[in-house]
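In listed order, ligands and their atoms are each counted from 1. Numbers here are sequence positions counted from 1.
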Amino acid sequence: MAFFVLPLLAVAPLLAQAEKPHVLFILADDYGWGNMGVHRRDAASTPEEQQGKVEVHTPNMDALIDEGILLERHYTYKICSPTRSSIQSGRLAVHVNPVNSAVTSRNYDDPVSGYAGIPRNMTGIAEKMRDGGYRTHIVGKWDAGMATPEHSPKGRGYETWYGYYQHANDYWHKSTVFLATGEIDACLNRMRDLSMHNETYSGPVRDAISLSAACQEDEESDPGCYEEYLFKERVLKIIQISCSSYYA
Ligand SMILES: *[C@@H]1O[C@H](CO)[C@@H](O)[C@H](O)[C@H]1NC(C)=O
Ligand SMILES: *[C@@H]1O[C@H](CO)[C@@H](O)[C@H](O)[C@H]1NC(C)=O
């Protein structure tokens with residue numbers, strides 16, 4: 001059972017000028033090939049395949065794929081932080097961040113590239129999108145560096161952010177216990193890893209519902225203090241606001 005499974009990251013650089021399309025980028029972490037409905041369409045010939053067909057239902061993604069393009073021979077890096085650093089910086093993972101370093105790692109001899117995540121002197125996609133007239137927002141998992149403000153989503157050009165910094169997080173407690181990161185560090189293991197910034201505030205998320213894990217006992221399928229729920233609500237709000245300004 002993995003209650004800390006690495007979740008979704010959505011980047012929604014939003015519209016500033018009417019002729020530009022909205023861009024919604026969703027990165028699903030550790031998403032298995034067999035977890036996509038389109039890969040379960042063939043008749044099942046083994047008990048495992050039959051079980052897979054019973055368990056896997058992704059009608060929304062299947063519909064997007066049916067209307068769009070599915071790249072079946074797309075290659076990516078094998079682990080999370082390098083992949084995310086690659087997407088954010090527009091470089092191959094080997095040229096930006098080949099290692100899933102602990103956030104505490106540091107090379108004192110190199111204050112530019114000697115931290116986990118993207119080296120400070122690289123430009124990110126959000127900065128480029130903003131230069132191109134977009135509004136930029138990010139929700140979910142970051143995992144592309146947090147050693148200095150420059151490493152954070154704010155420093156990388158996102159106008160707003162709501163999410164967690166490290167490789168993984170506990171969905172209920174929003175903390176980075178050993179189980180979530182594999183790292184033993186007395187201070188880090190006590191950290192609640194959920195923060196945000198907007199125009200007027202930058203720091204930890206403070207509202208009572210987000211900080212609570214009480215809904216763990218709820219029977220409903222989409223409880224209000226669950227981290228994925230909080231991310232979903234935030235993304236929907238961003239989409240709603242940008243669409244209303246678009247149609248205004
Ligand atoms: C960034 O800094 C590193 C040193 O940490 C240096 O080797 C590299 O050339 C610099 N890259 C850019 C794009 O400035
Ligand atoms: C920014 O976030 C803070 C903390 O959640 C909130 O109180 C404030 O209303 C937000 N400001 C804007 C402009 O959305």
Side-chain angles (χ1 to χ4, degrees), residues 10-16 81-82 84-131 134-142 144-165 169 173-175 191-213 215 224-246 248:
V11 186
L14 301 171
L15 195 77
S81 187
R84 285 158 183 278
S85 301
S86 171
I87 289 165
Q88 294 293 343
S89 69
R91 296 164 191 248
L92 280 177
V94 289
H95 295 305
V96 48
N97 172 20
V99 189
N100 225 22
S101 315
V103 291
T104 48
S105 66
R106 181 167 177 188
N107 172 5
Y108 287 88
D109 295 334
D110 185 352
V112 175
S113 307
Y115 302 93
I118 305 168
R120 291 161 106 166
N121 57 3
M122 289 187 182
T123 309
I125 187 173
E127 291 166 85
K128 290 286 180 193
M129 296 297 278
R130 274 179 92 163
D131 289 349
Y134 276 83
R135 314 295 309 270
T136 55
H137 307 268
I138 182 164
V139 177
K141 171 176 164 180
W142 174 244
M146 60 176 274
T148 70
E150 288 163 284
H151 286 91
S152 74
K154 191 174 192 173
R156 294 288 179 199
Y158 287 96
E159 284 174 73
T160 74
W161 138 257
Y162 181 99
Y164 63 89
Y165 283 121
N169 208 5
H173 298 272
K174 294 90 180 182
S175 58
M191 177 179 158
R192 200 194 298 263
D193 189 0
L194 186 64
S195 56
M196 62 166 289
H197 78 255
N198 62 18
E199 242 172 84
T200 54
Y201 176 81
S202 180
V205 172
R206 291 185 190 275
D207 69 280
I209 294 200
S210 304
L211 298 185
S212 167
C215 70
C225 78
Y226 191 58
E227 196 167 62
E228 292 277 80
Y229 175 88
L230 299 166
F231 292 162
K232 181 187 70 182
E233 290 298 303
R234 177 84 175 195
V235 168
L236 289 176
K237 204 166 161 190
I238 292 167
I239 291 172
Q240 234 166 18
I241 290 170
S242 41
C243 287
S244 57
S245 58
Y246 176 59

- Message: If we set the cut-off at 4.0 Å for heavy atoms, which region of Met196 has an atom near ligand 2: side chain, backbone, both, or neither?
- Response: side chain
- State, yes or no, whether a side-chain contact exists between Thr148 and His151 at a heavy-atom distance under 4.5 Å. yes
- Message: Just so I know, are the side chains of Tyr158 and Arg130 near enough to count as touching, which here means a heavy-atom distance under 4.5 Å?
- Response: no
- Would you indicate which of Ile241, Thr160, Asn198 comes nearest to atom 6 (C) of ligand 2 when only heavy atoms are counted? Asn198
- Item | Contact check: Thr200 vs ligand 2, nitrogen or oxygen atoms, below 3.5 angstrom | yes
- among protein heavy atoms, the one nearest atom 10 (C) of ligand 1 is Asn121 ND2, 2.5 Å
- Query: Is the closest side-chain donor-acceptor distance between Ser210 and Tyr162 under 3.5 Å?
  - Reply: yes
- Message: Would you say Arg206 and Tyr201 are linked by a side-chain donor-acceptor pair, where the criterion is simply a distance under 3.5 Å?
- Response: yes
- Message: Taking the side chain as everything from C-beta on, heavy atoms only, tell me whether Tyr164 gets closer than 4.5 Å to Ser195.
- Response: no
- Considering only protein heavy atoms, which is closest to atom 4 (C) of ligand 1, and at what distance to one decimal place? Ser113 OG, 3.7 Å
